[in-house]
Engineer: 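Pasting a structure here, questions to come.
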Amino acid sequence: MNASTEIIMPNVVLTCLQTDKFKTGSLSINLLTSLNAENASKNALIPYVLRRGTATLPDMAAISRKFDSLYGARIKPVIRKKGEIQTVGFFADFADDKFLPNGNNLLSEITGLLGEMLLMPNTHGGLLRREYVESEREKLIEKIRAGINNKRSYSMKRLFEQMCSMEDYSVGRFGSEQSAEVITPQSLTKHYHELIANSPVEIFYCGSSDPKLVKKIIRNVLSAMPRADEKPDLGTDIRMNSLEEKPRYFEDQLNVTQGKLAIGFRLGDCMLEPNTAAIKVFNAVYGGSVTSKLFMNVREKLSLCYFASSGVDLHKGIMAVSSGIEFDKYDSALNEILAQLDNVKEGNFDDFELTAAKSSVASDYRTIEDNPVTLEDYYLTQILIGPDCSPLELASLTEEVTKQQVIDIAKGVELDAIYFLRGPKEEQ
Amino acid sequence: MQTKKYENIGETLITERLDNGLTINIIPKPEYSKAFAMFTTNYGGADRRFKLGGEWLQTPAGVAHYLEHKMFDMPDGNALNVLSANGASPNAFTSSGQTSYYFESTTGFEDNFKTLLTFVSTPYFTVESVQKEQGIIGQEIRMVEDNPAFVVYNNLLRLLYANNPVRDSVAGTVESIAEITDKTLYHCHEVFYNPSNMTLVVVGNVDPKFVISAAKEILPKEPGEVPERDYGEAEAEFPTETFKSIQMEVSAPLFIIGSKFKPAPKGIERLRQVTIGKIALQMLLGRSSDFYTRLYAEGLLNSNFEYELDYTAGTAMILASGESRDVSSVKNELEKELENVSKNGMNTELFENAKKAFYGSELRILGSFSSLAQVVTEGALADYTPLDVYTEIEKITSDDVLNFIKENLTPKKLALSVVEPISKQA
């Protein structure tokens, strides 16, 4: 499977992965824009409003019936936060023609629909329809509020909001309730036109069709898309050190039975010239795998929790640890989590731990090749921050990571902030 | 070894039944780099009272799940570590009706597969290791108690069923797991982890001959007794109660509307019922249905709305779940829709479209190894082959679909479980 990348229009890049491996084809179109508190909600709202109706398929029932007739094809809005870049767009997947009765050409049909959704919305008096904007705005607000329903991801969200309060990274991918509430059909329509004209566009196709044909179909569909001459400056500010000398502490109280501990770190020096494979291996040694220090000690040895794991965000240079614990185990869990990081810094991990971490990371990379959704996200990330190689190449780079590299990365890691989600006062 | 080619979908299914009673299903996918293996025992949280050697035995809630946690312990180490170190991503889950151990790997499949068969068939528990797990599982139970999606589901099961132990949490309670000892685990392993009560599914880049010979070599040679289970007295046709609401830290009310129905006999009849049921739900509640598009536009439903057919531990259910600011209106609207369908029938023009959409969504499953392994496992436990669904679709008529709805989805059969936000008092 080879990826081919080509600029097909000003600021429009098409990445094609031609393969017969999958029974479905996929096509995504992503507009890239900077993540900030002012615009995040407007950006996030746009694809949901566009999916409510187009010039020829005026409402959701018409669109959904069309999808049914195309053998259950789907087009879903996709909003991502990639560091301090927000990506806004659609992901379509559809059956490969060879498993359908003759005479179908789903790629062409779906691309046409996608283009229509993006460029020819159902408008009234030149504005996106009020009922669609208002109804989707309420749904967006509900979705932002619903963040509290999953306490683990909520605790991570609250950590980043406060740890990075001076950085755009604190903004969630859907923005905030406050910024969503003030959106009107007028303000959204204006923003929609700006977004369409100014955003760099990343298109990704994975399936059995010839890239030349894919390019032709897409160029045809997007021919009317306005394109600004200048390329906006997009990127993420990476803070190398913790904000204050001592780690900051934040907490919330909710009516829950289990506490959630979320700890944020800056990856530090390794972000100067990030070695993706080595940072991932470091994370797997520390807390990103079932053979990691956190899993083996905080869970298996001390039975303090059901989960304790770490994850890294290479766009921003941040690592976060998350664990669910009894309220009164706060000190013992925190101490153990930090002590295990010190162990990695001091090189207190054996060959087995290193090898297991490397195999786990390498396997994760190889698996990416077996799924169009993960492939799409991999290549989108690659375009933004690299590295310039396929998942399989990255898997083999992983095998070369040394113990010293892991130690060096760990040594640069700094604790920045601690967040604890506690239960009601009387239960403590 | 029996090989069946499905030209229509480009798949091959290899089936083997060993002398020890184990069924093995293999779907080779040489074009992929990974392989996925799932080893399942027909034993879940609801299998608490069973008959062995003529005697009925009762076990505490949560044994199947506890056993799942402890099976990874081996005399010479931990299978999770061995598999991970060899490049596999292993995991396991327990539901009301099954416990499955699985891994995915891109290298070293043969060693990983042998490890899977070995650890699942080798019980090794000590008093200390069983004791220590109580802390971990206790925290898992706590985590789940704070999970509104779990709570709303569990409460629904308690509305629908009076006797069947599916109404209790699969993991048990902090109190019930305190009764579990190493002896309980050894005993339940012996009863339920015999090959006659198990099924093995492998999907991906593998050599089928290796899979079969490794299973023959590693697993016990003799068939075992498939224990008879007691799920309590026969359930009534209608729910025990029809409404339950509790308050939790959520942003908006979450709901599940459910209805129980009689599962069709195992075999092709079951597959037919599953297919009809899924098409019926798609027409009634799917993204293009009148019900969904209308309630979505009115702001009563959002895109979290989902529906499914669920078969487990001798039960069958229809579930529709989502979030709504006005749950009782959603239920009213659904009841009106059901009455309308039973009086006026369904729009048959939409029927052909629904079949097409269903075909496409079933095709998608073939690309997800874990989903495919799970549906093949469910099929194996209910004596059908899910890959037959692609031809079975063609045999379904719009009357089949209408009858399914009339029989199984009348307003009187519905129960509603809700988790509401905590009312804040000034």
Side-chain angles (χ1 to χ4, degrees), chain A residues 20-24 59-61 64-65 67-73 93-95 98-99 131 135 138-139 142-143 145-152 254-258 289-291 299-300 303-307 324-326 352 355-356 359-360 362-364 366-367 369-372 392 395, chain B residues 8-10 31-34 78 80-81 84-90 104-107 132-137 139-140 142-143 145-149 248-252 254 286-288 290 293 296-297 299 302-304 323 350 353-354 356-361 363-364 366-369 422:
Chain A
D20 286 326
K21 187 159 152 178
F22 305 118
K23 296 202 157 59
T24 51
D59 57 28
M60 217 169 66
S64 300
R65 275 169 202 163
F67 287 157
D68 285 356
S69 74
L70 298 174
Y71 292 88
D93 68 341
F94 43 90
K98 66 174 174 291
F99 302 106
E131 65 265 36
S135 137
E138 293 317 302
K139 289 183 164 62
E142 282 171 17
K143 196 156 38 188
R145 287 185 186 146
I148 201 171
N149 297 356
N150 180 330
K151 304 297 179 287
R152 186 175 182 178
L254 283 176
N255 197 354
V256 290
T257 60
Q258 184 186 63
S289 69
V290 294
T291 53
R299 171 174 149 140
E300 293 291 306
S303 300
L304 283 169
C305 63
Y306 173 65
F307 68 87
I325 54 172
E326 293 284 346
F352 171 81
T355 311
S359 340
S360 154
S363 181
D364 286 350
R366 277 190 294 264
T367 313
E369 299 250 346
D370 285 346
N371 183 338
L392 286 185
Chain B
N8 53 339
I9 48 167
E31 65 280 20
Y32 282 75
S33 50
K34 71 181 172 188
N78 182 292
L80 267 185
N81 291 350
S84 301
N86 199 38
S89 311
E104 181 178 278
S105 72
T106 50
T107 55
K132 195 171 64 73
E133 202 69 17
Q134 283 195 11
I136 297 172
I137 297 178
Q139 284 311 307
E140 189 179 2
R142 287 265 183 257
M143 179 179 80
E145 283 170 358
D146 279 340
N147 178 344
M248 287 179 76
E249 291 277 7
V250 292
S251 57
L254 310 183
R287 288 295 185 253
S288 60
D290 290 340
T293 52
Y296 185 96
N302 61 28
S303 56
N304 288 339
E323 273 171 39
L350 298 179
N353 254 359
K356 280 186 181 175
F358 177 67
Y359 185 91
S361 65
L363 203 57
R364 230 171 240 130
L366 300 173
S368 161
F369 288 18
I422 295 171

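This one's a predicted model, so the numbers in the text were calculated from it and none came from an experiment. Reminder, nothing fancy here: chain letters follow the sequence lines and each chain counts from 1.
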Engineer: Work out which heavy atom in A:Lys151 is nearest to a heavy atom in B:Glu249; give both atom names and the distance.
Structural biologist: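 Heavy atoms only, the tightest pair is NZ-O, 2.9 Å.
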Engineer: What residue, out of B:Pro148, B:Pro90, B:Gly367, has the most heavy-atom pairs lying under 4.5 Å from chain A?
Structural biologist: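 Of the candidates given, the most pairs with chain A belong to B:Pro148.
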Engineer: Contact part of B:Ile136 toward chain A, heavy-atom cut-off under 4.5 Å: side chain, backbone, both or neither?
Structural biologist: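 It is both, since atoms from each part get that close.
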Engineer: Which answer fits A:Ala73, side chain, backbone, both or neither, if we ask what part of it has an atom under 4.5 Å from a heavy atom of chain B?
Structural biologist: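 It is the backbone, since no side chain atom gets that close.
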Engineer: Does any part of the side chain of A:Asp364, heavy atoms only, come nearer than 4.5 Å to the side chain of B:Ser89, both counted from C-beta?
Structural biologist: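 Yes, side chains in contact.
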Engineer: Is a side-chain N or O of A:Ser363 found less than 3.5 angstrom from the main chain of B:Gly87, in a donor-acceptor match?
Structural biologist: yes
Engineer: Search all heavy atoms of A:Asn149 against all heavy atoms of B:Val250 and return the closest pair with its distance.
Structural biologist: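 Here A:Asn149 and B:Val250 meet closest at OD1-CA, 3.2 Å.
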Engineer: Using the side chain to side chain donor-acceptor pair (under 3.5 Å) criterion, which residues pair with A:Glu300? Sequence neighbours excluded.
Structural biologist: none
Engineer: Where does A:Lys23 contact chain B at under 4.5 Å (heavy atoms): side chain, backbone, both or neither?
Structural biologist: both
Engineer: Answer yes or no: is there a side-chain heavy-atom contact under 4.5 Å between B:Asn304 and A:Glu142?
Structural biologist: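 Heavy-atom side-chain distance check fails, nothing below 4.5 Å.
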Engineer: Does A:Gly72 offer a backbone N or O that forms a donor-acceptor pair with the side chain of B:Arg364 under 3.5 Å?
Structural biologist: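 Yes, B:Arg364 side chain to A:Gly72 backbone: donor-acceptor pair under 3.5 Å.
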Engineer: Closest heavy-atom contact between A:Phe99 and B:Tyr359?
Structural biologist: O-OH, 3.1 Å
Engineer: Specify the closest pair of heavy atoms between B:Ala85 and A:Phe352, including all atoms of both residues, with the distance to one decimal.
Structural biologist: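 Between these two residues, the closest heavy atoms are CB-CE1, 3.4 Å.
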Engineer: Can you tell which of B:Ser288, B:Gly135, B:Gly360 has the highest number of heavy-atom pairs within less than 4.5 Å of chain A?
Structural biologist: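 The answer is B:Ser288.
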Engineer: Does the side chain of B:Leu363 reach to within under 4.5 Å of the side chain of A:Tyr71, using non-hydrogen atoms?
Structural biologist: no
Engineer: Side chain, backbone, both or neither: which part of B:Glu323 has an atom under 4.5 Å from a heavy atom of chain A?
Structural biologist: side chain
Engineer: Sort A:Thr24 into side chain, backbone, both or neither according to what part of it lies under 4.5 angstrom from a heavy atom of chain B.
Structural biologist: side chain
Engineer: By a 4.5 Å heavy-atom criterion (distance strictly below it), what part of A:Leu70 contacts chain B: side chain, backbone, both, or neither?
Structural biologist: neither
Engineer: Checking B:Asn147 against chain A: side chain, backbone, both or neither under 4.5 Å from a heavy atom?
Structural biologist: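 Interface part for B:Asn147: neither.
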Engineer: Pick one of side chain, backbone, both or neither for A:Asn371, based on which atoms fall under 4.5 Å of a heavy atom in chain B.
Structural biologist: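 For A:Asn371, no heavy atom lies under 4.5 Å from chain B.
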Engineer: Nearest 0.5 Å, please: how far is CD in B:Glu133 from CZ in A:Arg299?
Structural biologist: 6.0 Å
Engineer: Less than 4.5 Å apart, any side-chain heavy atom of B:Met143 and any of A:Arg152?
Structural biologist: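 In short, these two side chains do not touch, never coming nearer than 4.5 Å.
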Engineer: Side chain, backbone, both or neither: which part of B:Ala297 has a non-hydrogen atom closer than 4.5 Å to chain A?
Structural biologist: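 When you check distances to chain A, atoms from both the backbone and side chain of B:Ala297 fall under 4.5 Å.
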Engineer: Between A:Glu369, A:Glu138, A:Arg65, which shows the greatest number of heavy-atom pairs under 4.5 Å with chain B?
Structural biologist: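 Answer, by heavy-atom pair count under 4.5 Å with chain B: A:Arg65.
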Engineer: Between B:Lys356 and A:Ser69, which heavy-atom pair has the shortest distance, and what is it?
Structural biologist: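 Nearest pair, atom of B:Lys356 first, then A:Ser69: CD-O, 3.6 Å.
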Engineer: Please list, chain by chain and in numerical order, all residues satisfying salt bridge (Lys or Arg N to Asp or Glu O under 4.0 Å) with A:Lys21, sequence neighbours excluded.
Structural biologist: A:Asp370
Engineer: Which value, rounded to the nearest 0.5 Å, describes the distance between B:Leu80 atom CG and A:Ser289 atom OG?
Structural biologist: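 Here the rounded value is 10.5 Å.
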Engineer: Which one wins on heavy-atom pair count under 4.5 Å against chain A: B:Leu254, B:Thr293, B:Thr106?
Structural biologist: B:Thr106
Engineer: Test your reading of the model: is there a side-chain donor-acceptor pair from A:Lys139 to the backbone of B:Ser303, 3.5 Å cut-off?
Structural biologist: no
Engineer: I'd like to know if the side chain of A:Ser303 and the backbone of B:Lys132 have a donor-acceptor N/O pair within less than 3.5 Å.
Structural biologist: yes
Engineer: Once rounded to the nearest 0.5 Å, what's the spacing between atom CZ of A:Arg366 and atom CD of B:Glu104?
Structural biologist: 11.5 Å
Engineer: Looking only at side-chain N and O atoms, does B:Ser251 offer a donor or acceptor that is under 3.5 Å from a partner on A:Arg145?
Structural biologist: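 No - no donor-acceptor pair under 3.5 Å links their side chains.
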Engineer: Heavy-atom distance under 4.5 Å between the side chains of A:Met60 and B:Tyr296, does that happen here?
Structural biologist: yes
Engineer: Please classify the contact of A:Leu392 with chain B as side chain, backbone, both or neither, using a heavy-atom distance under 4.5 Å.
Structural biologist: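 Neither part; nothing is under 4.5 Å.
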Engineer: Any luck finding a side-chain donor-acceptor pair between A:Thr291 and B:Asn81 under 3.5 Å?
Structural biologist: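 A:Thr291 vs B:Asn81: no donor-acceptor pair found between side chains.
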Engineer: Are B:Gln139 and A:Glu326 side-chain neighbours, meaning at least one heavy-atom pair lies under 4.5 Å?
Structural biologist: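 B:Gln139 vs A:Glu326: side chains touch.
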Engineer: At a 4.5 Å cut-off on heavy atoms, which part of B:Leu350 comes close to chain A: side chain, backbone, both, or neither?
Structural biologist: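 Just its side chain gets close to chain A.
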Engineer: When rounded to the nearest 0.5 angstrom, what distance separates CG in A:Leu254 from CE in B:Met248?
Structural biologist: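 Reported to 0.5 Å precision, the distance equals 11.0 Å.
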